[in-house]
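Beneath this line is the structure, given in structure tokens, with notes to follow.
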Number of protein chains: 2
Amino acid sequence: MELRALRYFVAVAEERHIGRAADRLRMTQPPLSRAMHRLEADLGATLFDRTPAGVELTEAGRIAYEDARVLLEHADRLEARVRSTAGRSTLAVGSLADTAELVGGRIVPAFREAHPHVAVRVHESDLGDPSAGLRAGLVDVALTRLPFTDTGLRTHVLRTEPVGIVVRDDDPLAGESAVRLAELPGRRWVRLPPDTDRVWTDYWTAPALPDDHQTPVRTIQECLQAVLWNGMSALAPLDQVIPAGLVTVPVADRPPSGLVLAWPAAGPSPLVRSFVRLAAATYRRREARGHRGAVGRT
Amino acid sequence: MELRALRYFVAVAEERHIGRAADRLRMTQPPLSRAMHRLEADLGATLFDRTPAGVELTEAGRIAYEDARVLLEHADRLEARVRSTAGRSTLAVGSLADTAELVGGRIVPAFREAHPHVAVRVHESDLGDPSAGLRAGLVDVALTRLPFTDTGLRTHVLRTEPVGIVVRDDDPLAGESAVRLAELPGRRWVRLPPDTDRVWTDYWTAPALPDDHQTPVRTIQECLQAVLWNGMSALAPLDQVIPAGLVTVPVADRPPSGLVLAWPAAGPSPLVRSFVRLAAATYRRREARGHRGAVGRT
DNA sequence: CAATATTACGCGCCGCGTAAGGATC
DNA sequence: GATCCTTACGCGGCGCGTAATATTG
């Protein structure tokens, strides 16, 4: 007997209808029906009389319902008390430039739902810090992109995405289906700030011309404007949304980049573990929903 | 947060040592360690300070421990109350002749542990009733062997076992590694009672000689004695233990027989479901342990 | 025949085990 | 270096979804 089954049971007992209870629980009937059968088996007692109109509680079911409600409230109190006793209840999340939407849109709300008592602060950092504030100790966990120097950090890959070269749509390359960086001499590349992690800059930029004195860019917007107005080139993930007038041409000789969660390797706090866990689940679910929308629909 | 995790947590909190708690819970350290990390993540609080000598409860851990103990007692009370409210608390288990040892040895004890309040009665039936009392309404669930007429019943195969012909060790066949029934004319076969299920008799016996008036056998013992003293032949599962003086020669042209659980198809009671579930798990575990014992051992 | 509960089946997560690694006294 | 706890990795069960079936008014 697990709390999950009891939460389900309370919903069914109150709705007197497995289908409606399933709606309330945001799931479908079959698993709920089986969960109730299994709960009955665990308890060794019949909790419902099934009818074509729904279900009715048996005497044992009524007892179970009363006790289950109290038990679940007790469990909620346990959670609340432990949480209020725990010291730190704040989590700083770093987000690298273009990943902010993902963090703010789905992941942080999911985390807030699981941990309502925690104050979440999102720190959006610029292209000069691939650790998104981790190195500076500004944040506890970060959503960023590989590759960068990850000593002392742990990472979890959410997705890998090929990269492309961003050019104006009147650029000779604009019509190509794919290009190789090795065959593109003489371009002027957008540059990152000089003190930026080498692994990171080596990946996202090509060698600059010796006489190149461009101003480094710190944000996606600056980067795209440099391409649009100054005729420069930049590398970006293929899934990066691009304003009109620009196109991203896939680059064949650069390995894909990983969208990752990162956090300090030394003793991550429970909140960080939970964030990583929830973020991974949320992201997966988002992915699955996308697929289903594109394929399913009888 | 699930009750399982809280039960684990209480053990760790009391032992102040994950390894010892794991022993107490009959499991190994790693999954217990992870379960505690996950519980901490779910709660968003650190419950232990890990030290090289074991673990110490934090303040939040002490709160959690106190609450968890009460919560688990509450859960136990819920179970007890529901069970005492439920009507029927008796289960009749049918067992076909040679399967009694398996039922009594492991499965029924496992069920008794899960349902201490239920009075279990084992009904050992003879070879004339492959349903082991189900057809007669004597039992709620049965452990028996396929094949037999299973209309109105549901079955769950625990294992399939090839069959062989049982002969005296001075029989000309005794040395063969396998035989085909189609090539064995003129044998005198042990017979089952005349009113026995046809599917069952067709499987376990070969066509009798016209002038054969043997007394039918009702038990394994009678069957083996008929082979030993009257020079008859019988079919039996290869795993059937055989007394000295007899051997079982594999039969090539008979499909294997299934060791199965069977129960009425119409509205099985929660206890029956639970029995099937536990029996399947127990049997699986027994199997795995056997394999491990034969292979493992670093 | 409409509405409900149930079974069948495939997939992904999670829990558990074994084996290897790391930290701390 | 011994003794913990932790991570890595592979496997089996279980929960969930979709699709199909049974049952009942």
Side-chain angles (χ1 to χ4, degrees), chain A residues 2-5 7-8 12 15-23 25-42 46-56 154-156 265-268 273 277-278 280-285 287-289 291-292 295-298, chain B residues 2-5 7-8 12 15-23 25-42 46-56 152 154 156 265-268 273 277-278 280-285 287-289 291-292 295-298:
Chain A
E2 292 294 339
L3 289 179
R4 173 196 309 245
R7 295 188 203 282
Y8 288 179
V12 175
E15 298 290 344
R16 286 178 156 67
H17 189 114
I18 296 187
R20 282 197 300 270
D23 285 346
L25 294 166
R26 308 294 187 93
M27 63 191 294
T28 55
Q29 289 100 337
L32 184 55
S33 177
R34 260 176 317 171
M36 294 301 96
H37 274 292
R38 174 159 178 190
L39 178 61
E40 289 177 309
D42 284 348
T46 300
L47 300 172
F48 305 106
D49 291 324
R50 274 81 170 171
T51 76
V55 298
E56 288 299 325
R154 293 184 61 84
T155 57
H156 176 89
R273 287 182 194 262
R277 178 183 177 74
L278 287 169
T282 301
Y283 186 80
R284 258 194 314 272
R285 201 161 302 124
E287 228 178 5
R289 197 162 299 155
H291 289 319
R292 205 187 312 158
V295 177
R297 188 71 44 173
T298 58
Chain B
E2 291 296 336
L3 290 179
R4 174 196 308 243
R7 294 187 205 281
Y8 289 178
V12 174
E15 298 289 345
R16 288 179 155 66
H17 189 116
I18 295 186
R20 281 198 299 273
D23 285 346
L25 295 167
R26 307 295 187 96
M27 63 190 296
T28 56
Q29 288 100 338
L32 184 56
S33 178
R34 259 176 318 169
M36 294 302 94
H37 274 293
R38 173 156 179 192
L39 178 61
E40 289 177 308
D42 284 348
T46 301
L47 301 173
F48 306 105
D49 291 325
R50 275 81 170 172
T51 77
V55 298
E56 290 297 326
R154 295 184 60 87
H156 176 90
R273 288 182 194 261
R277 177 184 176 76
L278 287 169
T282 301
Y283 187 82
R284 258 195 314 269
R285 203 162 298 126
E287 226 177 6
R289 196 162 296 156
H291 290 319
R292 205 189 311 160
V295 177
R297 186 72 45 173
T298 56

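Per chain, numbering begins at 1; letters A, B, ... match sequence-line order. Computed from a predicted structure; not experimentally measured.
- Side-chain N/O atoms of A:Arg50 include none lying less than 4.0 angstrom from OP1 or OP2 on C:dT4.
- The listed nucleotides are C:dT24, D:dC16, C:dT6; the one nearest the side chain of A:Tyr8 is D:dC16.
- Taking side-chain N and O atoms only, B:Arg4 has a distance below 4.0 Å to OP1 or OP2 of C:dC16.
- Side-chain nitrogen and oxygen atoms of A:Thr28 include none within less than 4.0 Å of the OP1 or OP2 phosphate oxygen of D:dC16.
- When each of C:dA8, D:dG17, D:dC5 is scored by its nearest atom to the side-chain atoms of B:His17, the top-ranked nucleotide is D:dC5.
- Contact annotation: A:Arg34 does not reach the phosphate of C:dC9 (side-chain N/O to OP1 or OP2, under 4.0 Å).
- Regarding contacts with the backbone of C:dG15, a side-chain N or O of B:Arg38 is found under 4.0 angstrom from either OP1 or OP2.
- Within the 3.5 Å criterion, the main-chain N or O of A:Arg4 finds a donor-acceptor partner in the side chain of B:Glu2.
- Looking at A:Glu40, its side chain does come within 3.5 Å of a backbone N or O of A:Phe48 through a donor-acceptor pair.
- Axis orientation changes by 30° from one end of the helix from C:dC1-D:dG25 to C:dC25-D:dG1 to the other, with each end axis drawn from 5 pairs and the value rounded to 10°.
- Atom CZ of B:Arg284 is separated from atom P of D:dC11 by 17 Å (rounded to the nearest Å).
- The phosphate of C:dC13 has neither OP1 nor OP2 within less than 4.0 Å of any side-chain N or O from A:Arg277.
- Ranking D:dT18, D:dT7, C:dA5 by closeness to the B:His37 side chain, first place goes to D:dT7.
- Minimum atom distance to the side chain of A:Pro31 is reached by D:dC16, of the listed C:dT7, D:dC16, D:dT6.
- Look at A:Ser33 and you won't find any side-chain N or O under 4.0 angstrom from OP1 or OP2 of C:dA5.
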